[in-house]
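What follows is one structure encoded as structure tokens, with my remarks underneath.
When reading the values below, keep in mind they use all heavy atoms of this one structure, side chains included, and skip hydrogens, waters and symmetry mates. Each ligand, and each atom within it, is numbered from 1 in the order the structure gives. All of these numbers come straight from a predicted model, not from anything done at the bench.
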Amino acid sequence: MEIQKIVIGLVANDRNQYLISLRQGKQHLAGKWEFPGGKLEAGETPLQGLNRELQEEVGLEVDDAELMERKVFAFSDRTLELHFFRVIRVRGQAVAREGQPLRWASVAELKQLPFPDANQSVIDRL
Ligand SMILES: Nc1nc2c([nH]c(=O)n2[C@H]2C[C@H](O)[C@@H](COP(=O)(O)OP(=O)(O)OP(=O)(O)O)O2)c(=O)[nH]1
Ligand SMILES: [Mg+2]
């Protein structure tokens with residue numbers, strides 16, 4: 001099977017807090033916090049997919065973003081290719097469009113909260 005590509009956005013506010021939400025229910029990695037994002041769809045560039053996912057999940061339009069890290073990570077049950085973007089400019093107000101718990105977290109908080117193991121290297125760099 002082809003490795004699924006995932007696009008993920010790190011959005012910071014002017015207090016250097018990052019937008020995160022809680023994975024829930026039957027989702028892969030339920031109970032872990034995440035940065036908004038999801039599966040790249042066929043025919044999309046990573047930036048197009050990032051813009052679509054952030055609009056769908058948190059109502060933000062991405063005007064500019066740069067790739068921070070691309071990594072292939074093997075979880076116990078699947079392998080993903082994760083594209084972590086630093087979002088440089090957004091428009092709109094963050095809202096939980098999928099009913100997910102959504103909050104802003106400082107870098108110190110990010111280092112304490114449970115995230116997927118794949119996120120470790122990116123969080124370490126903040
Ligand atoms: N969004 C997001 N996903 C992450 C992060 N870290 C990490 O390992 N993942 C994994 C969890 C999932 O297996 C995958 C993201 O897929 P997803 O479940 O969000 O996919 P999606 O938004 O397209 O949702 P769906 O419609 O398929 O339910 O990447 C992260 O920081 N943010
Ligand atoms: Mg998602």
Subject >> Minimum heavy-atom distance Val87-Gly9, with the two atoms named >> reply: CG2-CA, 4.0 Å
Subject >> Tally of protein N, O or S atoms, where distance to the Mg ion (ligand 2) is under 2.8 Å >> reply: 2
Original post:
Taking atom CG of Leu126 and atom NZ of Lys111, what is their separation to the nearest 0.5 Å?
Top reply: 6.0 Å
**OP:** With sequence neighbours excluded, tell me which residues meet salt bridge (charged side-chain N to carboxylate O under 4.0 Å, His left out) with Arg23.
**Re:** Glu34
Original post:
CG of Leu50 to CG of Leu60: how many Å apart, nearest 0.5 Å?
Top reply: 10.5 Å
Subject >> Close side-chain approach of Ile20 and Phe115, heavy atoms under 4.5 Å >> reply: yes
Original post:
Can you name the residues that come within less than 4.0 Å of ligand 1, going by heavy atoms only?
Top reply: Ile6, Ile8, Arg23, His28, Leu29, Glu34, Phe35, Pro36, Gly37, Gly38, Lys39, Glu53, Glu57, Phe75, Leu80, Leu82, Pro116, Ala118, Asn119
**OP:** Please name the pair of heavy atoms, one in Gly49 and one in Leu40, separated by the smallest distance, quoted to 0.1 Å.
**Re:** CA-CD1, 3.9 Å
**OP:** Would you indicate whether the side-chain heavy atoms of Val90 and Asp63 approach each other to under 4.5 Å?
**Re:** no
Subject >> Any pair counted as salt bridge (charged side-chain N to carboxylate O under 4.0 Å, His left out), so long as it reaches residues 116-126, sequence neighbours left out >> reply: Glu69-Arg125
Original post:
Would a 4.5 Å heavy-atom cut-off, applied to side chains only, mark Arg86 and Met68 as touching?
Top reply: yes
